[in-house]
Amino acid sequence: QVQLVESGGGLVQPGGSLTLSCAASENIFNFNAMGWYRQAPGKERELVATITVGGTTNYADFAEGRFTISRDNVQNTVYLQMGSLKPEDAAVYYCNARRLSKRYWGQGTQVTVSS
């Protein structure tokens, strides 16, 4: 029903920057919060950053100061700006949306950090 489509992943060198996009199929005001998660091979999916409908943002410790989550309510798109990328940032990044007790996920976009 709800569709989230991530884009913007790719290969970047350590220290580089990348911006991910998550396009939602409906008005993102319908969601209490949206966020980005990531999962590296052999690891659990972990929270990267979230943004509430009220604009409150939260970041994982590893993302603080390097990543910025934002949203465009007109375009129904959430962004994740990533800077100073490290090899350990390599993962599949997933967009998440929450409305009350329901949660939705995108298919993910691959981020590779390598020289």
- What's the verdict on side chain to side chain contact (heavy atoms under 4.5 Å, CB included) for Trp105 and Leu4, showing C-alpha distance, side-chain angles and the deciding distance? CA-CA 6 Å; Trp105 296 92; Leu4 304 172; 5.6 Å; no

- Task: Go through the steps to decide whether Leu11 and Ser114 satisfy the test side chain to side chain contact (heavy atoms under 4.5 Å, CB included), and finish with yes or no.
- Result: CA-CA 7 Å; Leu11 174 64; Ser114 177; 4.2 Å; yes

- Passes side chain to side chain contact (heavy atoms under 4.5 Å, CB included), Val111 versus Met82? Steps please. CA-CA 10 Å; Val111 173; Met82 303 184 292; 4.0 Å; yes

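Remark: the backbone N or O of Thr109 is not paired with any side-chain donor or acceptor of Glu6 at under 3.5 angstrom. Put simply, the side chain of Asn96 gets close to the backbone of Tyr104: a donor and an acceptor are under 3.5 Å apart. Side chain of Asn76 to main chain of Ala23: no donor-acceptor pair is present (N/O by atom type, distance under 3.5 Å, no hydrogens or angles).
Heavy atoms only, all atoms of each residue included: Met34 and Ala97 are closest at CE-CB, 3.9 Å. Between Ala40 and Ala90, the closest heavy-atom pair is CB-O, 3.8 Å. Closest heavy-atom contact between Gln110 and Ala91: NE2-O, 3.4 Å. In this structure, Trp36 and Cys22 approach most closely via the heavy-atom pair CZ2-CB, 3.6 Å. The two residues Ser84 and Ser17 make their nearest non-hydrogen contact at N-OG, 4.4 Å. Minimum heavy-atom separation, Val2 to Glu26: CG2-OE1, 3.4 Å.
Linking Ile, Leu, Val, Met, Phe, Trp and Tyr residues whenever their side-chain heavy atoms come within less than 4.5 Å places Leu85 and Phe62 in a single cluster. Note on Tyr37: it does not cluster hydrophobically with Phe67, by side-chain heavy-atom contacts below 4.5 Å among ILVMFWY residues.
Around CD of Gln39, the count of heavy atoms belonging to other residues, nucleotides or ligands within 6.0 Å exceeds 12. More than 12 heavy-atom neighbours from other residues, nucleotides or ligands sit within 6.0 angstrom of CD on Glu46. Taking a 6.0 Å sphere around CD of Glu88, one finds it holds more than 12 heavy atoms contributed by other residues, nucleotides or ligands.
No option in Leu80, Ile69, Thr68, Ile28 other than Ile69 meets the side-chain contact (heavy atoms from CB on, under 4.5 Å) test with Ile51.
Taking CG of Asp72 as the start and OG1 of Thr77 as the end, the distance is 6.0 Å to the nearest 0.5 Å. Atom CG of Asn32 is separated from atom OG1 of Thr52 by 9.0 Å, given to the nearest 0.5 angstrom.
No cation-pi contact links Arg71 to Phe31, judged by a cut-off of 6.0 Å to the six-membered ring centre and 45° from its axis.
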